[in-house]
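These numbers come from a predicted model, not from an experiment. Letters A, B, ... mirror the listed sequences (proteins, then strands); counts begin at 1. These values consider heavy atoms only, across backbone and side chains, with no hydrogens, waters or symmetry-generated copies.
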2 protein chains.
Amino acid sequence: MRKGEETRAKILDAAEAAVLAKGFGGTSIDELIVETGITKSGFFYHFRDKNELAKALLERYIENDERIYDEIFGRARELADDPLQAFLIGLKLLAELLSDLPNGHPGCLVATMCTQERAFDREIQEMNRQAALMWRRRFAAMFRDIMQVYRPREALDADQLADMVSTVLEGGIVLSKALKEPQSLPDQLLVFRSFVRLLFQPAA
Amino acid sequence: MRKGEETRAKILDAAEAAVLAKGFGGTSIDELIVETGITKSGFFYHFRDKNELAKALLERYIENDERIYDEIFGRARELADDPLQAFLIGLKLLAELLSDLPNGHPGCLVATMCTQERAFDREIQEMNRQAALMWRRRFAAMFRDIMQVYRPREALDADQLADMVSTVLEGGIVLSKALKEPQSLPDQLLVFRSFVRLLFQPAA
DNA sequence: TGCACTCCTGTACCGCCGGTAAAGTTTTCT
DNA sequence: AGAAAACTTTACCGGCGGTACAGGAGTGCA
């Protein structure tokens, strides 16, 4: 029972790295079993087909993603009582974490799967949608807290501001990969941070 | 000679749609020749291999992309002498164009190719990098023009602000695909527009 | 001790796909 | 009319996703 989960995790590790590097269609089961050190039959013992691998991959990724945000913004909340300060600290902590990744951000599975949507079934597309909605809910709650204390200088929707966090992260990942400049991602996040500070800064 | 280019364009059209929908690895040559109505040998007459197809695809995409930006921000420049107003008008025109796409944005080839980077050779990765650098140069020039007239309320780098345009576009594409809300992309662009207006708005 | 269950391996097979090779045919330009 | 361009036809190769099924090794427990 423990052994099985270990092998499964090894397959998922290899698959995640491969999918983020070459796309889902570009990742072969054969290369995964070579890297994991099992046989093809062993692979199909754990996953009925490639689509179920994708599902497991995405499920695990989203859980981990949520955990990271919980930690960072939970910690930020401990460091400041003020919701705006807490959010700004959270963005900074996140930027630092992204800056410390040795080879840059490996890529977002949600992004790779929704930009190759026709390669997956509806269940996966729905998981992707739910993930994006969870991001929205999380950050929209923070913006609403901020708006109860500070008046924004422009009337912007909390949901749209929340989506901006996801947008900057996803876009920053793409841009830093295209440019081959890993630092672009944390830099973009900090530019967004400046915008948020400006938005809620009281008029002089 | 004309006929050849026509067939080539038909293959590229089919390929672009398929790659943006399913990823490069998920797109088969067989499906392209069925849709185009030619034989497999006919395909290989036009493209030595799949990688050369990718190269031609990206080349055409980037040229078209540049043309669109030239048109939109050229037109914006005609409508306003002030560089800030021109840029804000350009963003609005772009948001309107994106809003009018019937099935949402089909996706960005630069993004799909750099999130599947290991599936392509160095030449393509370099083309991707140059495309992102061209975006940066284009928008950085606009921000520098703006900064010669307006003083930003926060000291932000013109290059990083320029990258923010690409970031919001790329991230907006991902988010609107994940959420299955095409309107998110133009909305995000308009949120960014508000930030830019706020940044260069003279202190009251 | 033995049985069941989990966790695999081994073997054999299928059809699709990317790609190659080479000869032949039609269409288009000059 | 002739050359060059733009294909078609046929035949083939190895890799990959996937199926089927038999067998075996390690573990937990009755």
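- Under 4.0 angstrom from either OP1 or OP2 of C:dC8 there lies at least one side-chain N or O belonging to A:His46.
- For residues 27-40 of chain B, the set of pairs meeting the salt bridge (charged side-chain N to carboxylate O under 4.0 Å, His left out) definition, not counting sequence neighbours, comprises B:Lys22-B:Glu31, B:Asp30-B:Lys40.
- For B:Glu52 and C:dG19, the CD to P distance is 11 Å, given to the nearest whole Å.
- For B:Thr39, there are no side-chain hydrogen bond (donor to acceptor under 3.5 Å, both in side chains) partners at least two apart in sequence or on another chain.
- Within 6.0 Å of atom NZ in A:Lys180, more than 12 heavy atoms from other residues, nucleotides or ligands are found, so the atom counts as buried in its surroundings.
- Spacing between atom CD of A:Glu6 and atom P of C:dT6 amounts to 18 Å, rounded to whole angstrom units.
- The pair B:Glu71-B:Arg67 counts as a salt bridge, with a side-chain nitrogen and a carboxylate oxygen less than 4.0 angstrom apart.
- Not one N or O on the side chain of A:Lys55 forms a donor-acceptor pair closer than 3.5 Å with the backbone of A:Met127.
- The phosphate of D:dA6 (OP1 or OP2) has no side-chain N or O of B:Thr7 nearer than 4.0 angstrom.
- Near DNA chain D, meaning a heavy atom under 4.0 Å from it, residues 15-45 of chain A has A:Thr27, A:Ser28, A:Ile29, A:Asp30, A:Lys40, A:Ser41, A:Phe44 in order of number.
- Counting any heavy atom pair closer than 4.0 Å across all strands shown, A:Arg8 reaches no nucleic acid atom.
- Using cut-offs of 30° and 60° for the angle between ring planes, the B:Phe73 and B:Phe139 rings count as perpendicular.
- As a whole-Å value, the separation of B:Glu5 CD from C:dC29 C1' is 13 Å.
- Rounded to whole Å, the distance from CZ on B:Arg48 to P on C:dT20 is 10 Å.
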